[in-house]
Amino acid sequence: VPFETVMADDLARKPASGTRYKAVFFANLDRTDPLRRKMLSHLEGKGVKCVFLSPERPLTPAQFAETAKATGAYVPAEYGLQVDMNGNFVSLHALRNGRYSFRLPRKCKVVNMKTGKAAKAGTSLELDMTAGETRWYRLLD
């Protein structure tokens with residue numbers, strides 16, 4: 001799931017900057033501070049899902065992905081596949097053995113950069129990968 005790290009104080013000073021996110025995950029946020037309460041009210045009023053984490057309430061990768069999916073965020077694959085990508089390049093690293101359906105960010109042609117072979121164009125890429133395996137793909141319009 002694409003994400004950014006933002007300081008809560010920066011977001012509290014400019015809460016409108018947080019409305020571009022579908023969800024915001026707060027770690028150990030003091031919800032009693034007036035400026036932060038105002039920020040939370042603004043974000044929630046704009047439909048941003050606010051999730052509060054603490055040592056007693058940690059977040060697993062699967063929970064993070066489920067929350068992102070529920071908000072309509074782009075989730076390229078199920079848990080177990082590490083994804084690093086930009087507009088035309090994808091690096092995939094399998095954290096566990098499995099079959100993955102990688103959801104492409106757009107309909108495009110996909111080329112395996114190691115073999116040079118093109119996969120069929122579409123909106124997803126079906127992959128069988130073993131733990132520790134890494135693949136690089138190029139995305140072409």
Side-chain angles (χ1 to χ4, degrees), residues 1-31 33-141:
V1 176
F3 69 92
E4 292 180 356
T5 302
V6 179
M7 300 299 293
D9 286 344
D10 293 340
L11 202 53
R13 280 191 290 275
K14 295 182 183 175
S17 66
T19 58
R20 66 190 191 108
Y21 304 113
K22 299 199 182 269
V24 177
F25 296 82
F26 294 99
N28 300 315
L29 179 75
D30 173 12
R31 289 185 258 177
D33 176 85
L35 191 59
R36 291 181 178 187
R37 278 199 325 262
K38 184 178 177 185
M39 167 196 64
L40 294 171
S41 176
H42 178 80
L43 293 174
E44 290 169 341
K46 296 291 185 179
V48 177
K49 178 154 181 69
C50 296
V51 180
F52 302 95
L53 310 173
S54 69
E56 299 81 34
R57 190 169 175 233
L59 186 71
T60 67
Q63 290 170 323
F64 179 73
E66 285 304 312
T67 300
K69 274 192 241 179
T71 64
Y74 171 66
V75 180
E78 295 301 315
Y79 172 74
L81 196 61
Q82 178 181 322
V83 179
D84 294 293
M85 65 188 292
N86 64 25
N88 60 4
F89 173 79
V90 178
S91 175
L92 303 174
H93 181 76
L95 301 174
R96 61 182 183 178
N97 296 336
R99 179 157 182 80
Y100 299 96
S101 181
F102 179 76
R103 192 172 129 227
L104 296 165
R106 64 186 183 281
K107 187 173 182 175
C108 59
K109 180 179 173 184
V110 180
V111 177
N112 182 313
M113 293 179 71
K114 181 178 180 181
T115 66
K117 293 182 181 177
K120 68 176 188 175
T123 57
S124 67
L125 183 62
E126 300 305 315
L127 306 162
D128 286 307
M129 295 181 70
T130 58
E133 182 180 1
T134 299
R135 296 185 190 175
W136 293 350
Y137 293 95
R138 205 165 156 212
L139 306 179
L140 306 169
D141 291 324

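All heavy atoms count here, side chains included; hydrogens, waters and symmetry mates do not.
- Taking each heavy atom of Thr19 and Val48 in turn, the nearest pair found is CA-CG2, 4.0 Å.
- Counting only distance, with no hydrogens or angles, the side chain of Asn112 and the backbone of Lys117 share no donor-acceptor pair below 3.5 Å.
- Using a 4.5 Å cut-off on side-chain heavy atoms (C-beta onward), Phe26 and Leu53 make no contact.
- Under the 4.5 Å side-chain criterion, counting only non-hydrogen atoms from C-beta, Tyr137 is in contact with Leu127.
- A donor-acceptor pair under 3.5 Å is absent between the side-chain atoms of Glu44 and the main chain of Ser41, judged by distance alone.
- Of all heavy-atom pairs spanning Thr134 and Ser91, the tightest one is CG2-OG, 4.0 Å.
- Residue Leu125 comes nearest to Ala119 through the heavy atom pair CD1-CB, 3.7 Å, listed as atom of the first residue, atom of the second, then distance.
- Met85 and Phe102 make their closest contact through SD-CZ, 4.2 Å (heavy atoms, listed as atom of the first residue, atom of the second, distance).
- Within a 6.0 Å sphere centred on NZ of Lys69, heavy atoms belonging to other residues, nucleotides or ligands number more than 12.
- Across Ser124 and Leu104, no two heavy atoms sit closer than the pair N-CD1, 3.8 Å.
- Put simply, the side chain of Ser17 does not reach to within 4.5 Å of the side chain of Asp10, judged on heavy atoms.
- Under the ring-ring contact (aromatic ring centres under 6.0 Å, His included) criterion, Phe64 pairs with Phe25, not counting sequence neighbours.
- The backbone N or O of Ala8 lies less than 3.5 Å from no partner atom in the side chain of Arg13, so there is not a single donor-acceptor pair.
- Interatomic distance, NZ of Lys49 versus OG1 of Thr67, reported as 6.5 Å (0.5 Å rounding).
- Proximity of Leu140 to Cys108: side-chain heavy atoms (C-beta onward) are nowhere separated by under 4.5 Å.
- If you take CG on Asp33 and CE on Met39, they are separated by 8.5 Å, rounding to the nearest 0.5 Å.
- In this structure, SG on Cys50 lies 5.0 Å from CG on Leu43, to the nearest 0.5 angstrom.
- Look at Lys107 and Asp141 and you find no salt bridge, because none of the NZ, NE, NH1 or NH2 atoms lies under 4.0 Å from a carboxylate O.
- No more than 12 heavy atoms of other residues, nucleotides or ligands shown are found within 6.0 angstrom of CZ on Arg57.
- With a 4.5 Å cut-off on side-chain heavy atoms, Tyr21 and Thr71 do not count as touching.
- For the pair Pro105/Leu139, a side-chain contact is recorded, criterion being any heavy-atom separation below 4.5 Å from C-beta on.
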Report task. Given side chain to side chain contact (heavy atoms under 4.5 Å, CB included), test Leu40 with Arg37 step by step and report yes or no. Result -> CA-CA 5 Å; Leu40 294 171; Arg37 278 199 325 262; 5.5 Å; no
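- For the pair Val90 and Leu92, the minimum side-chain heavy-atom distance is below 4.5 Å.
- Note: Arg135 CZ to Thr115 OG1 = 9.5 Å, rounded to the nearest 0.5 Å.
- For the atom pair CZ (Arg99) and CG (Leu81), the distance works out to 12.5 Å, reported to the nearest 0.5 Å.
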Report task. I would like to know whether Val24 and Val6 meet side chain to side chain contact (heavy atoms under 4.5 Å, CB included); could you show each step before the answer? Result -> CA-CA 9 Å; Val24 177; Val6 179; over 6 Å; no
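- Separation of atoms NZ (Lys46) and CZ (Arg20) is listed at 16.0 Å; rounding is to 0.5 Å.
- One N or O on the side chain of Arg96 and one on the backbone of Tyr79 form a donor-acceptor pair closer than 3.5 Å.
- With hydrogens and angles left out, the side-chain atoms of Glu126 and Tyr100 include no donor and acceptor closer than 3.5 Å.
- Taking the side chain as every heavy atom from C-beta outward, Arg36 and Asp9 approach each other to under 4.5 Å.
- Taking the ring centre of Phe52 as origin, the terminal cationic atom of Arg31 falls inside the region bounded by 6.0 Å and 45° from the ring axis.
- The 12-atom threshold is not exceeded at CZ of Arg138, counting heavy atoms of other residues, nucleotides or ligands nearer than 6.0 Å.
- Minimum heavy-atom separation, Ala118 to Lys109: CB-CE, 3.5 Å.
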